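Let me begin by presenting the structure, written as structure tokens, before commenting on it.
Note that these values count all heavy atoms, side chains included, but never hydrogens, waters or copies made by symmetry. Fair warning: this is a prediction, and the values are worked out from it, not measured in the lab. Just so it is clear: chains get the letters A, B, ... in the order the sequence lines come, proteins before strands, and each one is counted from 1.
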2 protein chains.
Amino acid sequence: MFPTLQLKSPHHITPKRVSYRLQNIKLQQFRSYQELDFDFTNQITVITGANGHGKTNLLEAIYTLSLGQSFRTNDYTNLVNWDSDYSRITAKINQAGIDTIESFFSRHPKRKNYKIDGVNQKQSQFIGHLQTVLFHPEDLNMLYLSPLYRRRYLDIILSQTDREYLIALTNYRKVIKHKNALLKQIQKKALEFGPDIKDTDLEIWNFQLVDFASTIIKSRHDFLKRLNTDITGIYQGISDHHEEIAISYKNKATANQPSTDNLNDQLHRLLEEYKSREILSGKSLIGPHRDDIIFTMDHHNINDSASRGEFRTLLLAIKLAEIDYITEKTGRSPLLLLDDVFSELDIHRQNHLLNAVKGSQAIITTTAVNPDHQILNASDSLGVVQIDDLC
Amino acid sequence: MFPTLQLKSPHHITPKRVSYRLQNIKLQQFRSYQELDFDFTNQITVITGANGHGKTNLLEAIYTLSLGQSFRTNDYTNLVNWDSDYSRITAKINQAGIDTIESFFSRHPKRKNYKIDGVNQKQSQFIGHLQTVLFHPEDLNMLYLSPLYRRRYLDIILSQTDREYLIALTNYRKVIKHKNALLKQIQKKALEFGPDIKDTDLEIWNFQLVDFASTIIKSRHDFLKRLNTDITGIYQGISDHHEEIAISYKNKATANQPSTDNLNDQLHRLLEEYKSREILSGKSLIGPHRDDIIFTMDHHNINDSASRGEFRTLLLAIKLAEIDYITEKTGRSPLLLLDDVFSELDIHRQNHLLNAVKGSQAIITTTAVNPDHQILNASDSLGVVQIDDLC
């Protein structure tokens with residue numbers, strides 16, 4: 001039992017031979033797939049089929065090659081088909097001197113492995129060779145749920161475009177892990193034997209933390225400043241309304257100053273000030289892992305006032321700004337993965353999205369294609385593909 | 001500038017004079033509304049209009065009369081129109097000897113107030129006079145995001161149908177708040193002066209906690225047992241597939257036993273066992289505020305395997321089971337609030353939802369009504385209403 005992809009002739013427009021970035025994907029034992037081997041011969045690939053037949057799984061596989069991890073699960077063993085112990089995703093990307101990239105996940109023993117042109121790579125080396133922008137119905141959560149989702153958004157976009165950020169982030173997470181373990185230890189000892197604890201080690205961790213934290217905060221600051229410049233115009237263009245959108249970065253170290261000057265000093269000062277509170281709570285309270293993004297619309301926090309329609313418009317505006325940002329930063333337009341999002345947008349917003357799609361390679365999933373749908377006119381190289389479950 | 005509701009004649013079918021539960025609603029300074037006075041003369045009311053014109057706000061007002069709080073914000077001052085300092089929602093429900101229910105929220109001074117037939121009530125007395133079941137696109141979060149959302153789901157349905165549960169929950173939250181404050185105190189003292197801390201007070205709180213916790217856990221257990229009996233049948237009916245759905249309650253005190261026997265003893269034992277860990281973390285670690293619901297499909301956790309389509313089907317099945325449960329428990333079918341959910345469902349699932357709607361009073365929002373849409377044939381008492389923004 002395995003789903004395969006079949007090209008449906010009626011919608012299959014003769015492809016121009018353009019060298020797209022993602023040319024072929026091979027899946028072995030990935031989620032519902034036992035085997036899949038598929039050529040992307042068109043600039044835009046529309047994948048249709050009923051619910052539960054593996055459309056999102058295919059986008060997930062591509063995304064996993066881009067970021068080294070899924071957008072749906074933190075446990076990579078979930079990516080392995082239930083009937084198998086391992087899973088492999090291989091893509092031909094044929095760009096910047098690279099032919100193939102590959103992810104391998106195994107359940108027994110628990111192991112993950114990344115390769116570029118057959119050579120093993122660390123995850124941090126692997127990320128950034130296939131830039132993707134994912135449009136996903138659950139993206140909306142980013143705007144109104146916990147700060148965790150907004151930090152994750154920043155980390156995903158900046159990790160893909162800025163190697164220095166990715167390295168600082170990886171190291172920062174290690175430092176925070178060690179520091180938290182130490183804080184718990186200090187806390188526990190103080191509870192058992194009284195407060196006479198030497199914290200030289202804590203200062204060593206704090207010292208390391210400041211450098212990585214500073215790199216992360218500066219990049220986030222710069223990115224949001226850039227986004228802030230573009231977002232109101234894009235939002236107004238989509239909505240035909242005159243709301244003014246503002247995006248700001250909420251961070252203790254830059255709270256009372258508009259820039260990131262003297263950031264290291266500020267962080268050192270804050271770490272000293274919060275030391276006893278950190279020991280008391282057994283957790284690191286200062287640093288970019290506690291920061292947030294604040295979105296306002298006409299000076300009100302969007303969580304206090306925006307409707308779902310306004311949330312959707314804002315999200316679309318952010319995604320379009322993101323495409324611009326990645327294109328400018330990397331000199332290439334990112335691969336767009338659109339997971340079942342057209343049904344959530346009205347026709348006006350669909351058009352905006354289609355315009356953004358035009359210049360890029362895009363893979364679009366949808367439960368049904370209406371023959372009159374504008375998507376079919378979006379590009380002269382478009383293929384409609386039907387996922388069939390051959391069970 | 002205030003939106004009003006106008007009846008559009010073409011879709012307005014002559015109403016049968018049935019005494020529905022919610023007969024009239026009046027809004028003053030609620031969200032985008034300055035004033036609204038609307039009669040529900042039909043069993044099913046479909047509210048159409050563009051995004052951002054106040055459709056969801058109207059459902060939110062009704063929901064707020066049902067639960068005493070919003071489903072979109074925890075801060076009730078957000079419900080007050082930006083240009084005003086207070087907000088009032090009044091409804092004629094005309095049932096079980098009650099004519100009107102009213103919520104009042106004020107920003108300056110920060111205050112909330114509930115009335116039944118003009119007499120002030122505590123929030124806990126106010127809840128349960130207008131049972132609602134809300135269908136909302138963000139409901140899906142409940143299935144895959146943090147346990148917080150699943151506990152919230154249980155609290156909402158059980159608070160509406162079981163006064164004993166509501167009272168236990170209110171008291172339990174107070175006890176946990178006091179206990180957490182005390183734990184933080186003990187933790188702080190131990191860190192400053194060493195571990196010689198008397199914890200008699202802690203035991204007093206634990207003693208109170210056990211009774212309330214036990215009531216809450218038993219009710220949740222019973223409800224989920226009931227849901228578990230129905231859910232596979234309902235799910236298979238909607239999906240035409242043969243997946244077996246199981247719902248279980250994850251709780252430390254009942255972890256190794258199928259029933260809630262000896263629950264109080266178990267809780268006391270656990271609280272004793274976890275005492276030092278609770279002091280160390282400065283938080284209550286044992287009790288229903290840490291529990292979760294686990295959904296499985298063919299014995300796999302749905303978070304590891306289900307597609308978005310399967311999530312949507314499961315959510316729909318849960319909601320339909322919820323309607324049955326409330327109807328059976330209270331002897332009345334609940335008021336159904338459907339917020340822009342039809343666009344997310346395929347035609348097969350829409351039909352299932354429409355069948356469920358048939359016996360109940362329902363208020364449905366949608367951006368556009370297709371004249372061919374089945375919703376228009378769902379009832380012989382249906383009115384389509386257009387939200388117009390008269391700015």
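Taking the side chain to side chain donor-acceptor pair (under 3.5 Å) definition, one finds that K283(B) meets it with nothing, sequence neighbours left out.
When the heavy atoms of residues 69-78 of chain B are compared with those of chain A, the residues falling under 4.5 Å are R72(B), N78(B), listed by number.
Here the straight-line distance linking atom CD of E310(B) with atom OG1 of T313(B) works out to 7.5 Å at 0.5 Å rounding.
One side chain, N57(B) or S32(B), offers a donor N or O that lies under 3.5 Å from an acceptor on the other.
Between L191(A) and Q187(B), the shortest heavy-atom distance links the atoms CD2-O, 3.7 Å. Residues N81(A) and R107(A) come closest through the heavy atom pair O-NH2, 2.8 Å. Counting all heavy atoms, side chain and backbone alike, S284(A) lies closest to R290(A) at O-CD, 3.9 Å.
Ranked by heavy-atom pairs shorter than 4.5 Å toward chain B, the options K188(A), H300(A), R312(A) are led by H300(A). Interface remark: of the candidates L79(B), T56(B), D339(B), D339(B) forms the most heavy-atom pairs closer than 4.5 Å to chain A. Between chain B and the residues N301(A), N303(A), L145(A), the most heavy-atom pairs under 4.5 angstrom are made by L145(A).
Only the side chain of L140(A) comes within less than 4.5 Å of a heavy atom in chain B; its backbone stays farther off. Using a 4.5 Å cut-off between heavy atoms, N141(B) touches chain A through its side chain atoms alone. When heavy atoms are compared at a cutoff of 4.5 Å, F311(A) does not approach chain B at all.
For the pair K112(A) and F105(A), the cation does not sit on the ring face, since its NZ or CZ is not both under 6.0 Å from the ring centre and inside 45° of the axis. Note that R277(B) lies in the cation-pi zone of Y274(B), set by a 6.0 Å cut-off to the ring centre and a 45° limit from the axis.
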task: Take I318(B) and F295(B), measure what side chain to side chain contact (heavy atoms under 4.5 Å, CB included) needs, and give me the verdict at the end.
output: CA-CA 11 Å; I318(B) 291 170; F295(B) 298 96; 3.5 Å; yes

